[in-house]
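Reading through the structure tokens given below for one structure.
So that the names make sense, note that chain A is the first sequence line, chain B the second, and so on, each numbered from 1.
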Amino acid sequence: MLQINYIKQNPALVKERLAIRNFARIELVDELIAADEALRLLKSNVENLQASVNLASREIGVFMLNGEKHKADAKKQEVSKWKEELTYTKATLQMLEENFSTKLLLLPNLPHISVPAGKTPGDNEVILEGGSKPQLFEGAKPHWELIKDYKLVDFEIGAKLAGSGFALFRGRGAKLQRALIQYFLDYNTQGGYVEFMPPLLVNENTAYGTGQLPDKEGQMYHITGDNLYLIPTGEVPVTNIYSNEIVPESDLPVKMTAYTPCFRREAGSFGSDVRGLNRLHQFEKVEIIQLVKAVGSYAVLEEMVNHVERLLQFLELPYRILRLCGGDMGFTSALTYDFEVYSAAQQKWLEVSSVSNFETFQTNRMKIRTKNEEGKTELLHSLNGSSLALPRIMAALLENNQTAEGIHLPKALHNYFGAAMLEK
RNA sequence: GGAGAGUUGUCCGAGUGGUUGAAGGAGCACGCCUGGAAAGUGUGUAUAUGGGAAACUGUAUCGAGGGUUCGAAUCCCUCACUCUCCGCCA
């Protein structure tokens, strides 16, 4: 959620930034500024009325103590006249406030100055490529065939148990996944991130905090019986750990990591994008999250990008880093770098991580603050990234490292998996 | 799931309708005392938001949200959470 004071002070800039996203309802900016003025005026009316009532009530209290009942009764008469007005004005105020905050929730975050204009993923900027694409032998297969040949993942049974888009990992497939999770968590904690295991279901309030509601209502699984949502990413419960907290400066930066399954309805997806492990309703992910002071948060973003990049290097996968354009960026983000790995048999880049700075967009909703040198509270910046999403990493590992004898694993995984390769 | 007891400031804890944003204590900060420290002693010590250059001041907040009342931490309703007992259970 954007801060209204910032919008009021920089209306032109806000509109210009929103245009980078191709945001359709720019007029909301002016509407919000006008609504805020009206709101303030009405609020001070209410407060003045309330002040009069409070004062009179105190006087009545004194009269009662002194036994001057007639004076008290006279005062009561006086107050009851104000009360009617107060009730009415309060109701109006509440209406205006609801209207105001509904509108404010519609505004996405302002893109950082470095975000390129653009509408589609084709407009994203490729920042760098790393690693080298493998030369596959004749007869190399895409991962959805490899997982059958090696009996790693079974989609038929997954579909039988839950539905299409659900996978059953088995045997070495399950172990490889577990090895990756373990490796990622160890790598992250060595980087100073504290590990968490959060609830996988969250309430409405928590889903609002990180911005999944109201923007992505239809993309989350909703348990109506208890009004809980299955988390679409570990970001949701973990960032909310600090909601409504004033974090002591000595605790900053807060660095957290968590492995969680992620649940996404992904309604409306189709085509080869959803083949095999490319897109699932439930997938495993290890997330990193930081809460930092506003000053220097972009240096922290770079640090997180480097952290993820090194992990991909340890996995010996060909990768590239993209800076997302305004049109492709998430609702809550100010700047997002996507990581993609090259899946050699599909000859396709697969997104495996998305590292973003949300500035104060999330922390404003969650009221995550710290005290600055002057003793004033200020909002922190929140950042997060995948480190890493599992299924597509597994897809790339299988495809890129296949040989006639079996699938070789990168050195970093040998101990975790207990073997250097998957034999035929 | 059933029954009961709770939720007050950084912490402990008092407070069942009237200058209560909240007694008392602890902690913390500053001062006095001391050669220095402890002890002692004095003063101060919530958050958000509006106004104001500031001093200061309005409003809201005693788990959350509603209600009764001129006035609610205190009375009523709904919900959440914690604890104890019973039931169920990995």
Short N-O contact, A:Asp73 and A:Lys69, less than 4.0 angstrom: yes
Would you please indicate if the ring centroids of A:Phe63 and A:His70 are separated by under 6.0 Å? no
Can you tell whether the side chains of A:Arg25 and A:Glu27 come within less than 4.0 Å, N to carboxylate O? yes
Mind listing the residues from residues 67-84 of chain A sitting with a heavy atom below 4.0 Å of RNA chain B? Number order is fine. A:Lys76, A:Val79, A:Lys83
For residues A:Ser333 and A:Thr336, is any side-chain donor paired with an opposing acceptor at under 3.5 Å? yes
So which of residues 54-65 of chain A are in contact with RNA chain B, with a heavy-atom cut-off of under 4.0 Å? A:Asn54, A:Ser57, A:Ile60, A:Gly61, A:Met64
Mutual orientation of the aromatic rings belonging to A:His222 and A:Tyr229 [parallel < 30°, tilted 30-60°, perpendicular > 60°]: parallel
Quick one: pull up OG in A:Ser354 and CZ in A:Phe339 and give me the separation to the nearest 0.5 Å. 10.0 Å
Less than 3.5 Å between a donor and an acceptor, one on the side chain of A:Glu47 and one on the base of B:G58, is that the case here? yes
Winner on side-chain proximity to A:Thr377, out of B:U47, B:U59, B:C70, is B:U47
When both distances are under 3.5 Å in a Watson-Crick or G-U wobble arrangement, the nucleotide paired with B:U20 is none
Need the pair for B:G27. Rule: Watson-Crick or G-U wobble, both distances under 3.5 Å, any strand; none if unpaired. B:U45
Report yes or no: do A:His112 and A:Ser114 form a side-chain donor-acceptor pair below 3.5 Å? yes
Rounded to the nearest 0.5 Å, what separates atom CG in A:Leu422 from atom CG in A:Leu176? 6.0 Å
Whole-Å distance, A:Glu97 CD to B:U49 P, equals 14 Å
A:Lys43 has an atom NZ; how far is it from atom C1' of B:A48, in whole Å? 11 Å
